[in-house]
2 protein chains.
Amino acid sequence: MIKKSSPVPIYFQIEQRIREKIEKKELNPGEMIPSEREFAEKFQISRMTVRQAINNLVNEGYLQRVRGKGTFVTVKKFEKNTQRLTSFSEDMRSRGLEPGTEVLSFCSIEADSLIASQLMIDKGAEVYQIERLRLADQQPIAFEVFYMSQNLVPGLTREVAEHSIFKYVEEMGLHIVSGVQELEATTAHKREASALGIKVGAPVLYIQQISYLEDQQPLEFVKSYYRADRYKYKVEMIRT
Amino acid sequence: MIKKSSPVPIYFQIEQRIREKIEKKELNPGEMIPSEREFAEKFQISRMTVRQAINNLVNEGYLQRVRGKGTFVTVKKFEKNTQRLTSFSEDMRSRGLEPGTEVLSFCSIEADSLIASQLMIDKGAEVYQIERLRLADQQPIAFEVFYMSQNLVPGLTREVAEHSIFKYVEEMGLHIVSGVQELEATTAHKREASALGIKVGAPVLYIQQISYLEDQQPLEFVKSYYRADRYKYKVEMIRT
DNA sequence: AAGTGGTCTAGACCACCTC
DNA sequence: AGGTGGTCTAGACCACTTA
């Protein structure tokens, strides 16, 4: 039930309770939840405490208040208040495709001024340069060039690059918290065309990504070229 | 100051006051705002009312609370919830460019099955079909084809289309709350090429957008073709 | 009229931080 | 010790919706 003398705040216990019911579909979209006064009475707590729990759920997009009527489970929970940063593998799996990776080259180079500025490291510092071909259900979908400071993440191997670098980094205890992507349309040059199996001049979606750690330090700088015929980029937005 | 007997809630008045000070740089990023108790004392209101104002600003990303220390103006305001649904005009202005619009055609047509399904209306229903050339600092940047149900928004004119349809719709009392964009790379066909002043086959960023009203009803369906050499799409993301 | 959420009060004790 | 935010109470009146 609800523990009043718990170190866990009462409002949070209520919040969890309701959130669970929604996620387990015990409360369905569009359905009304008990009124604030009912909750207060039932758990013998103040209505303001109930309001705090409900407020949080409203902010998270689980609930909607309607004055005079009641509080309802949101029909379309747009959890995409913010776009989630995902790895290629996560992206493919969410599309129902089996991700695959082919490492085309794995080198250690000295950062030129572009890479240095993007990664906020010294020019000439050692960085990994990894070229990978990304597959979806065994079909080439993207060609990517990846840069990361060796100083920040030592011990990266070709082996790791064949699977998920994201996962490796997170297992090292580094927390990726945010990222910025820039998308442009372009046409394939020789290198991308041959890797992706398309014609030179074919349309390609170019995505440049920088991911950041907790302390705002750049972790990786990636240039990706996606086959336009096989990849669509979807963004859900809200208007504030 | 603060009007207690105003129809505008006290918490909202306080909220506005603080928001303004931040936007006018009277309060700088990282700076501490007065404590909740100080506000309560100063305006002779309850601390809980002050908290409500501050809570809202925290949720909007203006402020950060630090227990035991105080409440501070956020350093990087839009690092968190970024992806906002914006009109073309808003987008251009945020890039420091002067938006412009040229209406190439303004018709009323019957919805075909694609348009009908995107707008969730009956096939054959009357819709506006508006082709516009979008300018940034007088230079063509995008060619767009716009569809909207006439039943939902009657009275749209060529005049309005030359300015902001978004604005018109919002002034009608319809609230746009969310949108979905799909981005693809493609190459220009004749129609887009001639409108945009580029060669057939030049890279183009194709963006398809559907915007939704409060009740999840689709408001508009827009196909846009952006000149790849003049437009980059930026997405900021967080990892949860 | 009865029920709902919206706003507001005037306190209280707690945990945390700084001096 | 004194200040800060975090949590919580037990009421109150308001505006709105539904019956």
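Reminder, nothing fancy here: chain letters follow the sequence lines and each chain counts from 1. This is a predicted model, so every value here is computed, not measured.
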Show me the donor-acceptor pairs within less than 3.5 Å that the side chains of residues 6-16 of chain A make with the rest of the protein, sequence neighbours left out.
residue: A:Ser6; atom: OG; partner: A:Val8; partner atom: N; Å: 2.8
residue: A:Gln13; atom: OE1; partner: A:Lys3; partner atom: N; Å: 2.8
residue: A:Gln13; atom: NE2; partner: A:Lys3; partner atom: O; Å: 2.8
residue: A:Gln13; atom: NE2; partner: A:Val8; partner atom: O; Å: 2.9
residue: A:Glu15; atom: OE1; partner: A:Asn56; partner atom: ND2; Å: 2.9
residue: A:Glu15; atom: OE2; partner: A:Arg19; partner atom: NH2; Å: 3.0
residue: A:Gln16; atom: OE1; partner: A:Arg19; partner atom: NE; Å: 3.2

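- Using a 4.0 Å heavy-atom distance criterion, A:Ile54 is classed as making no nucleic acid contact.
- Taking A:Glu36 as the reference, A:Arg47, A:Arg51, A:Arg65 meet the salt bridge (Lys or Arg N to Asp or Glu O under 4.0 Å) condition, with sequence neighbours excluded.
- Across the protein-nucleic acid pair, B:Arg51 atom CZ and D:dC8 atom P stand 11 Å apart, rounded to whole Å.
- In this structure, CZ of B:Phe39 is placed 15 Å from P of C:dT9, rounded to the nearest angstrom.
- Regarding contacts with the backbone of D:dG3, every side-chain N or O of B:Ser35 stays at 4.0 angstrom or more from both OP1 and OP2.
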Scoring nucleotides 11-19 of chain C by protein non-hydrogen atoms under 4.0 Å (B base, S sugar-phosphate only, - none) yields -B--SBSS-

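- Shown here are the side chain to side chain contact (heavy atoms under 4.5 Å, CB included) partners of B:Val180, two or more places apart in sequence or in another chain: A:Lys234, A:Glu236, B:Tyr212.
- For the pair A:Ile33 CD1 and C:dG3 P, the computed distance is 18 Å after rounding to whole Å.
- A heavy atom closer than 4.0 Å to some atom of DNA chain D occurs in A:Pro9, A:Ile10, A:Tyr11, these being the qualifying members of residues 7-22 of chain A.
- B:Gln44 places its CD atom 10 Å from the P atom of C:dT9, with the value rounded to the nearest Å.
- Under the rule for a salt bridge (Lys or Arg N to Asp or Glu O under 4.0 Å), B:Glu38 has no partner lying at least two apart in sequence or in another chain.
- Using cut-offs of 30° and 60° for the angle between ring planes, the B:Tyr226 and B:Phe88 rings count as tilted.
- Among residues two or more places apart in sequence or in another chain, the side-chain hydrogen bond (donor to acceptor under 3.5 Å, both in side chains) test is passed with B:Tyr225 by none.
- Atom CG of A:Asn56 is separated from atom P of D:dG6 by 12 Å (rounded to the nearest Å).
- Straight-line distance from the CD atom of A:Gln52 to the P atom of D:dG5: 15 Å, rounded to whole Å.
- Here D:dT7 presents its P atom at 10 Å from CG of B:Asn55, a figure rounded to the nearest Å.
- At a threshold of 4.0 angstrom between heavy atoms, the contacts of A:Gln64 with the nucleic acid are absent.
- Side-chain atoms of A:Glu184 and A:Tyr206 include no donor-acceptor pair closer than 3.5 Å.
- A search for side chain to side chain contact (heavy atoms under 4.5 Å, CB included) contacts involving B:Asp112 returns B:Leu114, B:Ile115, not counting sequence neighbours.
- In this structure, the CE atom of A:Met32 is 11 Å from the C1' atom of C:dG5, given to the nearest Å.
- For A:Thr49, no side-chain nitrogen or oxygen approaches OP1 or OP2 of D:dT7 to under 4.0 Å.
- Every residue was checked against the ring-ring contact (aromatic ring centres under 6.0 Å, His included) condition with B:Tyr168, not counting sequence neighbours, and none meets it.
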